[in-house]
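The sequence lines fix the lettering, A, B, ..., with proteins before strands; numbering per chain opens at 1. Bear in mind the structure is a predicted one, so any value in this text is a computation, not a measurement.
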Number of protein chains: 2
Amino acid sequence: MERIPTHGIEVFLTIVREGSMRAAAAALGVGASAVSLQLKALEDRLGIELFFRTTRSVELTEAGKILFEAAAPAHRDLTYAFKKTREMARSTTGTLRLSLSRGAYMAALAPVLKAFLAENPGIKLEISWDEELVDINRQGFHGGIRMGDALSPDMIAVRITPPIKSVFFAAPSYLQAFGAPEHPRDLLDHQCIRHRHPTSGKLREWRVTEDGQDISIDPPARLIFDSAAGVIQAAREGHGIGWSMKATMADHLKTGELATLLEPFARDLPPFYLYFPKQNKRVECLRLLVNFMKTQLKERQRSNAEIAAER
Amino acid sequence: MERIPTHGIEVFLTIVREGSMRAAAAALGVGASAVSLQLKALEDRLGIELFFRTTRSVELTEAGKILFEAAAPAHRDLTYAFKKTREMARSTTGTLRLSLSRGAYMAALAPVLKAFLAENPGIKLEISWDEELVDINRQGFHGGIRMGDALSPDMIAVRITPPIKSVFFAAPSYLQAFGAPEHPRDLLDHQCIRHRHPTSGKLREWRVTEDGQDISIDPPARLIFDSAAGVIQAAREGHGIGWSMKATMADHLKTGELATLLEPFARDLPPFYLYFPKQNKRVECLRLLVNFMKTQLKERQRSNAEIAAER
DNA sequence: TCCATTGTTTGAAATTACCAAATAATGACT
DNA sequence: AGTCATTATTTGGTAATTTCAAACAATGGA
């Protein structure tokens with residue numbers, strides 16, 4: 001396959017534009033001899049001379065005119081394509097497409113979303129609520145948010161939240177009818193509403209903490225959803241006890257639709273991570289989001305520490 | 001000024017087209033590592049990754065898509081421009097623009113024109129009859145024909161005729177009135193019609209040969225033209241004796257409108273040369289013309305030699 | 001005729017491109 | 001789950017190209 005001496009063409013076009021070889025050399029930031037040799041190389045590969053030259057002037061030959069007329073716009077387009085791509089990479093405006101679960105949205109993104117949008121007016125977010133783990137690359141997402149950092153090695157994961165508070169919950173109507181559990185082992189005698197991971201297909205373990213120790217329990221379940229939203233909905237309808245992130249149901253706790261159970265035993269879940277293919281490391285919009293969330297996390301941790309210190 | 005890594009872009013486009021780096025490497029005729037390194041260099045200069053890559057597939061990132069969509073047509077156009085220029089150089093079709101005097105046409109071009117046009121059906125000739133020597137380059141001519149090879153050093157001159165026969169001539173009416181000269185020195189007593197070089201501004205010397213020696217004579221002239229055609233026309237009208245190339249007036253000799261004088265003293269003029277700027281050396285159409293005329297010259301010389309041998 | 005300016009040549013130095021082989025990683029296959 | 005063919009990447013060394021600085025040559029105007 002024939003290689004095109006595009007570098008030579010750039011030199012050629014510069015000579016035409018600048019009107020002389022030395023001027024072209026100055027414009028290109030190289031010596032005059034480099035330009036002369038490049039032009040000669042191009043002419044040799046074309047098999048024809050492009051300029052009539054004297055020491056006082058360079059003038060296009062017929063072949064030179066033909067090349068110039070055809071190559072100048074093409075080269076301009078190529079320059080533009082290059083510039084456009086680079087600008088896109090550096091741009092602080094654009095659309096960022098993220099894939100995340102509803103829980104991730106509530107716990108990780110929602111608390112900072114308003115501030116992020118205000119601070120980065122040029123960035124649009126396109127958020128896909130996917131309970132399942134999707135293929136970030138093939139689906140055209142820039143990144144995603146998920147719990148834990150167990151990811152394929154070509155992904156970069158950045159922690160963006162503290163560990164997540166979990167709660168056991170049930171509707172007041174259910175508690176009236178069946179009573180409230182006092183200890184995790186009481187759960188075995190209750191109607192539990194559980195959650196199945198869509199990706200792995202496994203039931204999510206219920207984990208509690210007792211005397212600083214983590215224990216896994218496996219209460220019976222007559223209702224199983226593949227989304228946390230389903231679990232919460234069913235609990236609101238009084239079907240039983242659920243376990244999930246506090247953030248996803250803060251509203252229902254406030255209104256009294258749901259009540260918290262077994263608070264001393266509630267265990268923290270792993271923090272959320274913003275993850276993305278390492279190829280997207282240099283997408284400026286994504287970097288802005290990552291940095292913003294890292295900063296937010298730090299600030300939250302510092303204010304927490306201050307609160308702790310005041311006590 | 002920023003340099004565009006066009007070579008890298010070529011590699012990039014080939015990867016997209018071929019679907020993998022190794023296929024691209026094969027298509028480009030280089031090793032796989034070269035492609036990998038080129039791509040990485042391009043990505044570094046752009047500041048962004050262009051492919052999601054695994055060992056089984058390469059897939060464009062968003063930036064890669066943008067670059068591909070903009071750069072592919074531009075690169076195609078550039079390739080086309082390059083090809084077009086080369087084809088133009090190699091083409092055996094096209095228009096050849098020549099500048100020559102009427103005398104050069106009659107003596108050098110007219111005798112072979114028909115055969116040349118027949119042999120090269122793709123070539124069009126655009127002939128400008130210029131008595132003056134014009135600037136071949138600036139006037140857009142590919143070349144010219146003139147007598148003698150005294151040219152600037154960046155011109156190439158190729159002999160295309162034998163030495164040119166010259167004749168003295170006058171109309172029968174003039175000869176009746178004033179008698180015919182028997183010896184060159186008789187010309188000093190005749191009405192001579194002379195020719196002034198438009199380029200140099202000098203009167204053209206009349207040169208005769210006597211006993212193998214060249215002598216220059218300077219007969220009086222009441223009529224001076226800046227073209228040989230003018231001299232001939234005036235002679236036909238009976239105004240006096242002219243001196244010019246035989247070829248330009250062969251017709252008038254045949255019809256008896258003009259008669260030849262002083263034949264034993266007629267000196268050969270220098271041959272005609274086809275000349276052109278050395279930058280046009282590789283213009284294929286011009287090469288065809290040059291080669292054709294050189295061949296014609298050789299054949300004419302050989303047949304002349306045969307005729308001489310037969311005697 | 002001189003002279004400032006410009007294109008070209010030249011040999012050395014710097015840069016870049018490339019290769020071959022080793023390495024790492026993936027996805028299909030058994 | 002493990003094997004295997006295939007693919008991208010890294011690495012160290014080599015070849016090719018590009019560039020520079022300086023000397024040179026040539027042109028056209030003063």
Side-chain angles (χ1 to χ4, degrees), chain A residues 1-12 14-45 49-61 64 135-138 151-156 277-279, chain B residues 1 3-12 14-45 49-61 64 135-138 151-155 277-279:
Chain A
M1 181 180 171
E2 168 95 43
R3 193 79 45 83
I4 294 196
T6 30
H7 186 178
I9 286 186
E10 189 159 2
V11 169
F12 164 73
T14 309
I15 297 172
V16 177
R17 179 152 30 81
E18 298 290 329
S20 81
M21 293 207 183
R22 283 192 124 89
L28 291 166
V30 298
S33 53
V35 169
S36 180
L37 290 168
Q38 280 292 332
L39 179 61
K40 188 187 289 274
L42 176 62
E43 288 177 329
D44 279 346
R45 281 196 261 197
E49 274 68 32
L50 299 167
F51 290 104
F52 297 119
R53 20 203 201 274
T54 72
T55 58
R56 308 300 283 184
S57 68
V58 291
E59 205 155 341
L60 287 168
T61 63
D135 185 328
I136 290 291
N137 290 347
R138 287 191 173 67
L151 293 160
S152 67
D154 60 341
M155 289 284 182
I156 294 173
K278 67 171 188 285
Q279 279 90 347
Chain B
M1 183 179 172
R3 192 81 45 84
I4 295 194
T6 28
H7 186 178
I9 286 186
E10 190 159 2
V11 168
F12 164 73
T14 310
I15 297 172
V16 176
R17 179 154 28 84
E18 298 291 329
S20 81
M21 294 208 187
R22 283 193 119 85
L28 291 167
V30 297
S33 53
V35 169
S36 180
L37 291 168
Q38 282 292 331
L39 178 60
K40 187 187 290 274
L42 177 62
E43 288 176 328
D44 279 346
R45 281 197 260 195
E49 274 69 33
L50 298 167
F51 290 104
F52 297 119
R53 21 205 203 270
T54 71
T55 58
R56 307 300 283 182
S57 68
V58 290
E59 204 154 343
L60 287 169
T61 63
D135 185 327
I136 289 292
N137 289 347
R138 289 191 171 68
L151 292 161
S152 67
D154 60 342
M155 289 285 181
K278 66 172 190 283
Q279 278 91 348

Colleague: Please determine whether side chain to side chain contact (heavy atoms under 4.5 Å, CB included) holds for the pair B:Leu60 and B:Phe12, giving the CA-CA distance in whole Å, both sets of side-chain angles, and the decisive distance to 0.1 Å.
Modeller: CA-CA 10 Å; B:Leu60 287 169; B:Phe12 164 73; 3.8 Å; yes
Colleague: Determine the contact category for A:Val35: base if any of its heavy atoms lies under 4.0 Å from a base atom, sugar-phosphate if only primed atoms, P, OP1 or OP2 are that close, otherwise nothing.
Modeller: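 No contact at all - A:Val35 keeps every heavy atom at 4.0 Å or more from the nucleic acid.
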Colleague: Quick one: do A:Leu39 and A:Phe51 satisfy side chain to side chain contact (heavy atoms under 4.5 Å, CB included)? Show the steps, please.
Modeller: CA-CA 9 Å; A:Leu39 179 61; A:Phe51 290 104; 3.5 Å; yes
Colleague: Measure CZ/B:Phe12 against P/D:dA8 and give the value in whole Å, please.
Modeller: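 Result: 15 Å.
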Colleague: Is A:Arg53 near enough to C:dT8 that one of its side-chain N or O atoms lies under 4.0 angstrom from OP1 or OP2?
Modeller: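 A:Arg53 to C:dT8 OP1/OP2: side-chain N or O found under 4.0 Å.
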Colleague: Given side chains that start at C-beta, do those of B:Ile9 and B:Leu42 come closer than 4.5 Å, heavy atoms only?
Modeller: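 Yes, side chains in contact.
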Colleague: Please check if the side chain of B:Ser36 supplies one atom and the backbone of B:Ala32 the other of a donor-acceptor pair under 3.5 Å.
Modeller: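 A pair under 3.5 Å: no.
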Colleague: Which of the following nucleotides, C:dT9, C:dG7, C:dA21, is nearest to the side chain of B:Ser33?
Modeller: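 Of all the options, the side chain of B:Ser33 is nearest to C:dA21.
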Colleague: Without decimals, in angstroms, what is the distance between B:Glu59 CD and C:dG27 P?
Modeller: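 Taking atom P of C:dG27 as the reference, CD of B:Glu59 is at 11 Å.
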Colleague: State which of D:dT9, D:dA8, C:dC18 makes the closest approach to the side chain of B:Arg22.
Modeller: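 Minimum distance to the B:Arg22 side chain belongs to D:dA8.
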Colleague: B:Leu28 CG to C:dC19 P: how many Å, rounded?
Modeller: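 Rounded to the whole Å, the gap is 10 Å.
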Colleague: For C:dT9 and A:Lys40 - does any side-chain N or O of the residue sit under 4.0 Å from the phosphate oxygens OP1/OP2?
Modeller: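 Yes, because at least one side-chain N or O of A:Lys40 sits under 4.0 Å from OP1 or OP2 of C:dT9.
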Colleague: Separation of A:Phe52 atom CZ from C:dT8 atom P, in whole Å?
Modeller: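 Taking CZ of A:Phe52 and P of C:dT8, I get 14 Å after rounding.
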Colleague: Round to a whole Å and report the spacing from CD of B:Glu10 to C1' of C:dC18.
Modeller: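 To the nearest whole Å, that distance equals 16 Å.
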Colleague: Given D:dC20, C:dC19, C:dG7, which nucleotide is nearest the side-chain atoms of B:Leu37?
Modeller: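 So the side chain of B:Leu37 is nearest to C:dC19.
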Colleague: Measure from the side-chain heavy atoms of A:Thr55 and tell me the nearest of C:dG7, C:dT26, D:dA8.
Modeller: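 Given the options C:dG7, C:dT26, D:dA8, the side chain of A:Thr55 is closest to C:dG7.
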Colleague: In whole angstroms, how far is the C1' atom of C:dT8 from the CG atom of A:Leu42?
Modeller: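 Value for this atom pair: 17 Å.
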Colleague: Grab the CG-P distance between A:Leu39 and D:dT19 for me, whole Å please.
Modeller: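 Spelled out: CG on A:Leu39 to P on D:dT19 is 13 Å.
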Colleague: Looking only at side-chain N and O atoms, does B:Thr54 come under 4.0 Å of OP1 or OP2 in C:dA25?
Modeller: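 No, B:Thr54 has no side-chain N/O under 4.0 Å of OP1/OP2 on C:dA25.
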Colleague: Ignoring hydrogens and geometry, is there a side-chain-to-backbone donor-acceptor pair from A:Gln279 to B:Glu49 under 3.5 Å?
Modeller: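 A pair under 3.5 Å: no.
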Colleague: Reading nucleotides 13-18 of chain D from the 5' end, what letters show protein touch, with B for base, S for backbone sugar-phosphate only, - for no heavy atom under 4.0 Å?
Modeller: -----S
Colleague: Can you tell me how far P of C:dT8 sits from CG of A:Leu50, to the nearest Å?
Modeller: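 Rounding to the nearest Å, CG of A:Leu50 and P of C:dT8 are 12 Å apart.
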Colleague: May I ask you to decide if B:Leu50's main-chain N or O and B:Thr61's side chain share a donor-acceptor pair within less than 3.5 Å?
Modeller: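 Side chain of B:Thr61 to backbone of B:Leu50, a donor-acceptor pair under 3.5 Å: yes, one is there.
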Colleague: Kindly determine whether B:Met21 and B:Arg53 satisfy side chain to side chain contact (heavy atoms under 4.5 Å, CB included), including the steps that lead there.
Modeller: CA-CA 10 Å; B:Met21 294 208 187; B:Arg53 21 205 203 270; 3.4 Å; yes
